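Report on the following structure.
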Amino acid sequence: MTENRFKIFKWLVAIVALLLGPSLLLAALWISDTHEEVRRADRAVRGLEAIDALRPLVMARAMRQRPTGDHSWLDRTAPLFSDPDEMRALKAAFGKAAGSGTHAEGLRAIRTLVRLVFRATEIEAATPPRFAGVPAQVIDHALSAARASLSFVDIGHRLTGRQELNRWDRMALPVQGGQYKAVSDQISRLAVVFVADLPTADRAKLDGLIETYRGANGRFQAAAGRLVRGLGDVDYGDQIELGEVVATYPALVDANAALLFSLVDSLTRTLKERSAALSSTVLATMLVCIVSIVGALAAAIGVCWSLTKRTKRELADIGAYDPLTGLPNRSTMLLTLQRMIADSAETQAPLAVFHIDLNRFKAINDTLGVETGDALLRRVGAELAGLIDPEDGIARIAGDQFVVVSRRLYRKHDLMRFARSICDAVARPKRLNGELCRVTARMGVSAALARDTSADQLLLDAELALRSPADGDGSDIRFFREDMRQAFKASNATAQRLRRALEDGHVEPWFQPQVCIRTGRVIGFEALVRWIDPDRGVIPNGMFLPVAAEFDLGDDIDRMVRCKALKALNGWRKAGFETGHIGLNMTASHLSRTEHVDELIRDVEEAGVPPRQVSLEVLESVMLDETAAGPIIANLERLSGMGFFIELDDFGTGHAGLASLRDLKVNRVKIDRSFVSGVDTNPELATLTNALIQLALSLNIEVLAEGVEREAERRWLLDHGCQAVQGYLVSKAMPDDAVPDWCTIWHERCPRQGDAADWQTAAA
């Protein structure tokens, strides 16, 4: 008996040691991580102080004065940089910022300096999650706006010295004004988001600066707009009236700089306070850890006595947890929720389910690798687990989806506050495997009293809320409503019919012609998806494309449309009809994955169609996702090298136009219909549309206008350099068997340049 007791004692000692070791390790890791946050915050403060020291240089450059920056700035900032390449870039940028180059070049160099400091000191990573990268955007936009407004004034001064203005002179101010407007209008909006989470004292001051900036910006834009509109009546440089723009410019510079550097000051104070609070927390936690470890030793001894009884049950629970994150899985969450409901069935206790899905996770998994994606899921799971109370529940139920259950929330504003804290935690930048990863969350929320619901119903309601369209307020948090259940049933029924339609071949491309604006010659067709139901006829796209996206049928639809369109094109070629390009719409998910691009190439080869006759239409907005943009550009370069025709669709609406034209090998841009409808009667719209056309033409890129419905619109586009049109003025989309007859009739009536009657007759 004594020997057995001694063996038990040895096992107890070993178990206690096993329990204490991880506890000490976890405590040390937590303290180390928190200390690293303190170090990061302090380093970010030094970076912000370096940015603040650039104030005199920014003002001198913006006011077109000789640079007066402190040249010791470089020596004080250099210790923040450990990478030799970044240090060389810093020196080069400072040389341009404080050198003898133009003031616009100096401001561009200052913007580069700020970006280098942000990256080297990890300011965004140190910023509290509630700001979600907004300060960096405001500072970057403010410097961009300063350079854009200065360039506008410089161009105006340069043009006043010209004797006679040519077409390019007239285009320079509208294009530059458009670039300034695009960036300046974002500043006050982003600043308001940042200011909303500041202390009251800072908020009051910055609210006043925002209003001052809005006023100065509005006056400058109004003066610039009048100047641009007046260019049509000016033939010589000395006729340009630049005085109003010059008069409003100093106030704009002062307001922009005051807002910019006040934001820097507020962010600096916020990070200093964060550093001090974290330092105090580390000291307090070290004391708590010591007490906790002693308590853990005592608790471990008690746990050991029941270890044998629990071992069998724990072995049975191995299949109840997600092996990647260590969180409960879906089945375990269902059991947990059933137990919560049973425990609270006789009370008024509330239960709430938060169904969370990660936005952009697929792009990170595809571009940065599965290991980084797994690390991201583990980090998100750990952060979510840290937000909940012990009596709450959490699970990873599938892929990038998590569920959190709370038994303490019921009122909508409490649910919204907790949901917002989840979104903030997920949106916080995470450095994983050497890469800075950013994802956001969208979620569905359902809540009920325990006695009025079931586990299955609560989980289903939260999932239905997640799947439902946004309410129009831009929020990614959706609360369950009873009408969502009926909407889901209707969507599910539509999805089932759509699957059968795909199996039966009732989804097909219809073709809308694209013609030369001068000669009327057919130069191509865009393939547009149509669902032809045997009983209902043509189903409107708006009734099934959102359902296709919700039920992951988009890839199947795109594949069927592509294959049928290529087959139709090959048939027309064999029949002797020259129809030009076939335009295929390409999504970001297709272009970001090599296997999808390989599939496209195989389909084209199997159809016997030359790549030069296939136009790949890429939405301009796909370039806004920085993570996915790299693979997309690489794949488009590959396709362009093989001879495919690359077309930028909806040009002017994606807010990335200049960057897209710079980074992509674009053969043609398609001016969105919003820039075409009424262009002949709306002077402001005409100015913007003309600037887009001239920008593309100056880069030797073809221009096609979509949605042309009236002869007056076509005439205006013809007069301003547009080369091709597409829209109801020419023809609606048609099935493939109607294309040959339409081409024959159209070319027989082929409209002559400028002859409105012929265009209308041919389209009849």
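In what follows, every heavy atom counts, from backbone to side chain, and hydrogens, waters and symmetry copies are set aside. Only a predicted model underlies this, so the values are computations on that prediction, with no experimental measurement involved. The first residue of the sequence shown is numbered 1, and numbering continues consecutively from there.
By the 4.5 Å heavy-atom criterion applied to side chains, L107 and I110 are counted as neighbours. Between L717 and I693 there is a side-chain heavy-atom pair separated by less than 4.5 Å. Side chains of I364 and L358 form no contact here, defined as non-hydrogen atoms less than 4.5 Å apart. Residues V676 and W716 form no side-chain contact, since every pair of their non-hydrogen atoms from C-beta on lies 4.5 Å or further apart. Inter-residue side-chain proximity for L143 and V58 is flagged as met; some heavy-atom pair is nearer than 4.5 Å. At least one side-chain heavy atom of Q694 sits less than 4.5 Å from a side-chain heavy atom of L697.
Rounding to the nearest 0.5 Å gives a distance of 12.0 Å between CG of N166 and CG of D235. Rounding to the nearest 0.5 Å gives a distance of 11.0 Å between CG of L116 and OG1 of T77. Atom NE2 of residue H720 and atom CG of residue L692 lie 12.5 Å apart, to the nearest 0.5 angstrom. For the atom pair CD of E105 and OG1 of T112, the computed distance is 11.5 Å after rounding to the nearest 0.5 Å. To the nearest 0.5 Å, the span separating CG on D265 from CG on L260 amounts to 9.5 Å. Taking CD1 of I139 as the start and CD1 of I187 as the end, the distance is 11.5 Å to the nearest 0.5 Å.
Between the side chain of Y213 and the backbone N or O of A258, no donor-acceptor pair lies under 3.5 Å. Side chain of S677 to main chain of S674: no donor-acceptor pair is present (N/O by atom type, distance under 3.5 Å, no hydrogens or angles). In this structure, the side chain of T689 engages the main chain of F675 through a donor-acceptor pair within 3.5 Å. With hydrogens and angles ignored, the 3.5 Å screen pairs no side-chain donor or acceptor of R76 with any backbone N or O of A50. Judged by distance alone, with hydrogens and angles left aside, the side-chain atoms of E713 form no donor-acceptor pair with the main-chain N or O of D680 at under 3.5 Å. No side-chain donor-acceptor contact under 3.5 Å links N667 to the backbone of E647. A donor-acceptor pair is defined here as one N or O able to donate and one able to accept, closer than 3.5 Å; such a pair exists between the side chain of S151 and the backbone of R147. In this structure, the side chain of S698 engages the main chain of L695 through a donor-acceptor pair within 3.5 Å. No donor-acceptor pair under 3.5 Å is formed between the side chain of R360 and the backbone N or O of T440.
When all heavy atoms of A686 and V679 are compared, the closest pair comes out as CB-O, 3.6 Å. Between C423 and A441, the shortest heavy-atom contact is SG-O, 4.0 Å. Nearest heavy-atom pair, I123 versus G47, reported as atom, atom and distance to 0.1 Å: CD1-C, 4.2 Å. A97 approaches L57 most closely through the heavy-atom pair O-CD1, 3.7 Å. Residue R714 comes nearest to I517 through the heavy atom pair NH1-O, 3.1 Å, listed as atom of the first residue, atom of the second, then distance. In terms of heavy-atom proximity, W73 sits nearest to A53 at CD1-CB, 3.5 Å.
Using a 4.0 Å cut-off between charged nitrogen and carboxylate oxygen, K670 and E706 count as a salt-bridge pair. A salt bridge links E383 with K430: the distance from a Lys NZ or Arg NE/NH1/NH2 to an Asp or Glu carboxylate oxygen falls below 4.0 Å.
Side chains of T687 and R229: a donor-acceptor N/O pair is absent below 3.5 angstrom, by distance only.
Annotation: side-chain hydrogen bond (donor to acceptor under 3.5 Å, both in side chains) contacts involving residues 44-62, sequence neighbours excluded, comprise D52-R55, R61-H103. The ring-ring contact (aromatic ring centres under 6.0 Å, His included) contacts involving residues 220-240 comprise Y180-F220, where partners must be two or more places apart or lie in separate chains.
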Determine, stepwise, if the pair Q723 / E702 fulfils side chain to side chain contact (heavy atoms under 4.5 Å, CB included).
CA-CA 7 Å; Q723 296 150 317; E702 295 180 23; 3.6 Å; yes

(message) Run the side chain to side chain contact (heavy atoms under 4.5 Å, CB included) test on I477 and M416 for me, step by step, so that the C-alpha distance in whole Å, both residues' side-chain angles and the decisive distance to 0.1 Å come before the verdict.
(response) CA-CA 8 Å; I477 301 171; M416 175 60 80; 3.7 Å; yes

| query | Passes side chain to side chain contact (heavy atoms under 4.5 Å, CB included), L432 versus L368? Steps please. | reply | CA-CA 10 Å; L432 304 166; L368 301 182; over 6 Å; no

Derivation and outcome, side chain to side chain contact (heavy atoms under 4.5 Å, CB included), residues R442 and R478 = CA-CA 8 Å; R442 59 187 181 92; R478 298 139 194 200; 4.1 Å; yes

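For D154, the salt bridge (Lys or Arg N to Asp or Glu O under 4.0 Å) partners are R64, not counting sequence neighbours. Applying the salt bridge (Lys or Arg N to Asp or Glu O under 4.0 Å) rule to R108 yields no partners; only residues at least two apart in sequence or on another chain are considered. Contacts of H157 classified as ring pair (Phe, Tyr, Trp, His ring centres under 6.0 Å), with partners at least two apart in sequence or in another chain: none. When the salt bridge (Lys or Arg N to Asp or Glu O under 4.0 Å) test is applied to E211, the partners found at least two apart in sequence or on another chain are R214.
When the shell of 6.0 Å around CD of E709 is examined, it contains more than 12 heavy atoms from other residues, nucleotides or ligands.
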